[in-house]
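Here is the naming used below: chain letters follow the sequence lines, and residue numbers restart at 1 for every chain. Please read these numbers as outputs of a predicted model, since none were measured by experiment.
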Amino acid sequence: MYKYDPIDQQIVNERVAQYRDQTRRYLAGELTDEEFRPLRLQNGLYIQRHAPMLRIAVPYGLMSSKQLRKLADIAKRYDRGYGHFSTRQNLQLNWPKLEDTPEILAELATVEMHAIQTSGNCIRNITTDQFAGIAPDEIIDPRAIAEIMRQWSTFHPEFALLPRKFKIAVSGTQQDRAIVQAHDIGLEFYKDAQGQMAIKVWVGGGLGRTPILGTVIREHLEWQHVLSYCEAVIRVYNIHGRRDNIYKARIKILVKALGIDDFRRQVDEEWAHLKDGPLTITQAELDRVAHYFEPMPYKTLPAHDASFDAAVACNPAFAAWVKRCVHAHRVPGYRAVTLSLKPHGKAPGDITSEQMHMVADLADAYSFGELRSSHEQNLILADVQLSDLFAVWEKARAAGLATPNIGLLTDIICCPGGDFCSLANAKSIPIAEAIQMQFDNLDYLYEIGDLELNISGCMNACGHHHVGHIGILGVDKDGSEWYQVTIGGKQGNDASIGTVIGPSFSAEEMPGVVKRLIEVYVRERSDEERFIDTVRRLGVAPFKAHVYAEKESA
Amino acid sequence: MSQLIQLGSNGQASIVADTWTRVVPPAPAEESVRKQAGKVVLFKLTGEQTYSPEQIANTQIPATGKILVPLAVWQARKAELQARLAAGELGIVLATNETAETLQAEFADLNTLPIIAIYVERFADGRIFTLGNWLRTRYGFKNELRAIGDVLRDQLFFHKRAGFTSFLIRADRSAEDALASLNDFSQPYQGAVGDVPVWRRIQRA
């Protein structure tokens, strides 16, 4: 993974000093709440329902074991001994004290970490596929460009106070796993007809109050120009994006208002002034950064391992875990492992300090000391030998991190919701827990198969409910919490926004609603058809009919 | 105590006396209230009229001295301001909802202006940075570029990198304290006005 050089370290150290002084001035009354707000947000600090929330950056989801141990220690010392992995691959602490945050950032800086631009109206953490660099369907490893973009966007002098937050995702695989279409800018890397690395650029996607999938603004962008092109896009947005109404301030609204052709024309006009300028990435710089992402020192291994095959054959629990939590790897004899942060009945994405230490140990012993966080809020050991999988499973299981539910209904994406977040209209964690308990029978879960269920506690859609096969949105009606259900959302190359099936439900009704949606699917599905396929084939009508018929007769 | 910070030709910042008088149109007769659903934060949008014709007509312009006048006032009252421009006593104030292009249309060579100021009504309005950048890079403006309005020390580093050379710190804050923040970071990553990306500046291991 990327390693800081003295320049990177200095920037982070200087940021700590700057923020320490800003916090001091705020506490001394020299900065008003309004003035301190963007400053603290750009250091990841929210003022939440019960306490501040600190969002620590995990650039493109990649961490070392040393960094995870530091996160564990910080969570223990400054928080309540656990953290929460978010859909932007970052780690959130829910109970730090504002006064402690400069010290927390100083500690993070000792392990090449920070909380820069994890919030605020600026360019946020750049996200990508958790299997970057090892996925068999990968065309280009996007991490070096992601790192170059991280550096470019860090304290960008022009984009510190944009109309609204700005999210960029990069993907270099055939099957998109970074939801590029749901980002302000999505960069899809591919090899062009000449065999050169090129980028398909999507713009104006995003969930939230007005969910819109992005539009292709440029089919073919030479990689050398990615910074200048993004700069042109964001510059047009900075000048013309709505600033009179925060709900209409995202770039998607501007793109929609102008139309993609006019927006593209303006970007191209701007880009003409920037193209081939100093922002053009040199091969030398790409090589320098890419050097940090070279393949791991893999052993030459056979494609099969007898002990592994035997363990799968005689241990159904292990076999179930392998089926759901172990993923293909481009190198023979290796697999990627997802450690589930979705044990039934617990808040999705939460992990204790002890578990973080445990995962760091696993990474050291079995995966070159590295791990990744996914936007589905799980952790990944990317480079595990086949022959080690059984040992990894036993240890992960002992730590409560081996629930074999990855990609299943209970692998729920869920925002912190009303339990923590001051924006939320409704709780989301208890809904996730109730659904997990309703579907606690693993055999039934397997029978249902691949299904993505996403929950957001408010229309900001941090839980990505719009792109869940089943999406649940917490809404406020006359001061009480209700839940609106969408179906048919999907992430990936054929992404779609889900359709609302009808009036909202109470919290108590939710597990039953999901159960009835599944009943329709099980009744109607043809062989091999996933839930999403059935919804796409039949539309929402039969689902709606069953769910609300039951509701009326109840 | 002056609130004006200026960068010298050597890049050193110092607090200097402000020799420019800012000409401000009178307040409008009644504030127009915009009604809209949702949370309105009321930033003027690009292209919107900054001042009404009445405000512009009623603007008091001092008879002597160096003056900074809003673009709209210049546009409407060019005839009486022409001599001041020729004498080097006129600078223009651009609002963040105005465009650098409009300014360029007024002055074939922007460098006939000794100073351009950009007025930011609220510090959170980041358009000021792009405007500064455009004036420096696309429109070739070489003279004093000043940030005025809700200008606070925590944005100065960005202002400087976006091409600003002077900063009129908000009256209730100490310009003295603000000086240090111009050097918050010693080696920024990305290029900026007059600067190239770090990998073109420094040999990195």
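Heavy atoms closer than 4.5 Å to chain B are found in both the backbone and the side chain of A:Asp8. Of the two parts of A:Glu30, only the backbone, made up of N, CA, C and O, holds a non-hydrogen atom closer than 4.5 Å to a non-hydrogen atom of chain B. With a 4.5 Å cut-off on non-hydrogen atoms, A:Leu39 touches chain B through its side chain but not through its backbone. At a 4.5 Å heavy-atom cutoff, B:Ile128 makes no contact with chain A through either its backbone or its side chain. Only the side chain of A:Tyr292 has a heavy atom closer than 4.5 Å to any heavy atom of chain B. In this structure, the portions of A:Glu158 lying under 4.5 Å from any heavy atom of chain B include both its backbone and its side chain. Both the backbone and the side chain of A:Gln151 come within contact range of chain B, judged by heavy atoms closer than 4.5 Å. With a 4.5 angstrom heavy-atom cutoff, A:His273 touches chain B only via side-chain atoms. There is no contact between A:Arg37 and chain B, counting heavy-atom distances below 4.5 Å. Using a 4.5 Å cut-off between heavy atoms, B:Asp172 makes no contact with chain A at all. When heavy atoms are compared at a cutoff of 4.5 Å, B:Asp184 approaches chain A by way of both its backbone and its side chain. Using a 4.5 Å cut-off between heavy atoms, B:Val198 contacts chain A through its side chain alone, with no backbone atom that close. Heavy atoms of A:Thr280 lying under 4.5 Å from chain B belong to its backbone as well as its side chain.
Counting heavy-atom pairs under 4.5 Å between each of B:Ala124, B:Ser181, B:Gly132 and chain A puts B:Ala124 at the top. Annotation: maximal heavy-atom pairing with chain A below 4.5 Å, among B:Arg122, B:Gln155, B:Arg173, B:Lys160, occurs at B:Arg173. By number of non-hydrogen pairs under 4.5 angstrom with chain A, the leading residue of B:Gln187, B:Arg204, B:Arg161 is B:Arg204. Each of B:Thr96, B:Asp154, B:Asn97, B:Thr46 has some count of heavy-atom pairs under 4.5 Å with chain A, and the biggest count is that of B:Asp154. Comparing B:Ser186, B:Gly47, B:Ala180 by how many heavy-atom pairs each has under 4.5 Å with chain A, the most go to B:Ser186.
In terms of modelled atom types and a separation under 3.5 Å, the side chain of A:Asn425 and the main chain of A:Cys458 share no donor-acceptor contact.
If you check the side chains of B:Gln104 and B:Arg138, you find no donor sitting under 3.5 Å from an acceptor. Side-chain contact annotation: A:Glu270 with A:Gln266, donor-acceptor N/O pair under 3.5 Å absent. Side-chain N/O atoms of A:Tyr19 and A:Thr101 include a donor and acceptor closer than 3.5 Å. Side-chain polar atoms of A:Glu231 and A:Trp152 form a donor-acceptor pair below 3.5 angstrom. In summary, the side chains of A:Ser153 and A:Gln117 do not present any donor paired with an acceptor at a separation below 3.5 Å, with no hydrogens or angles considered. Between the side chains of B:Glu54 and B:Asn58, no donor-acceptor pair of N or O atoms lies under 3.5 Å.
For the pair A:Arg143 and A:Tyr2, the cation does not sit on the ring face, since its NZ or CZ is not both under 6.0 Å from the ring centre and inside 45° of the axis.
A centroid separation of 6.0 Å or more is found between the aromatic rings of A:Phe155 and B:Phe157.
A perpendicular orientation is assigned to the rings of A:Tyr60 and A:Phe293, their planes being inclined by more than 60° (bins at 30° and 60°). Ring geometry for A:Phe159 against A:His156 counts as parallel: the plane angle stays under 30°, on a 0 to 90° scale with 60° as the upper cut.
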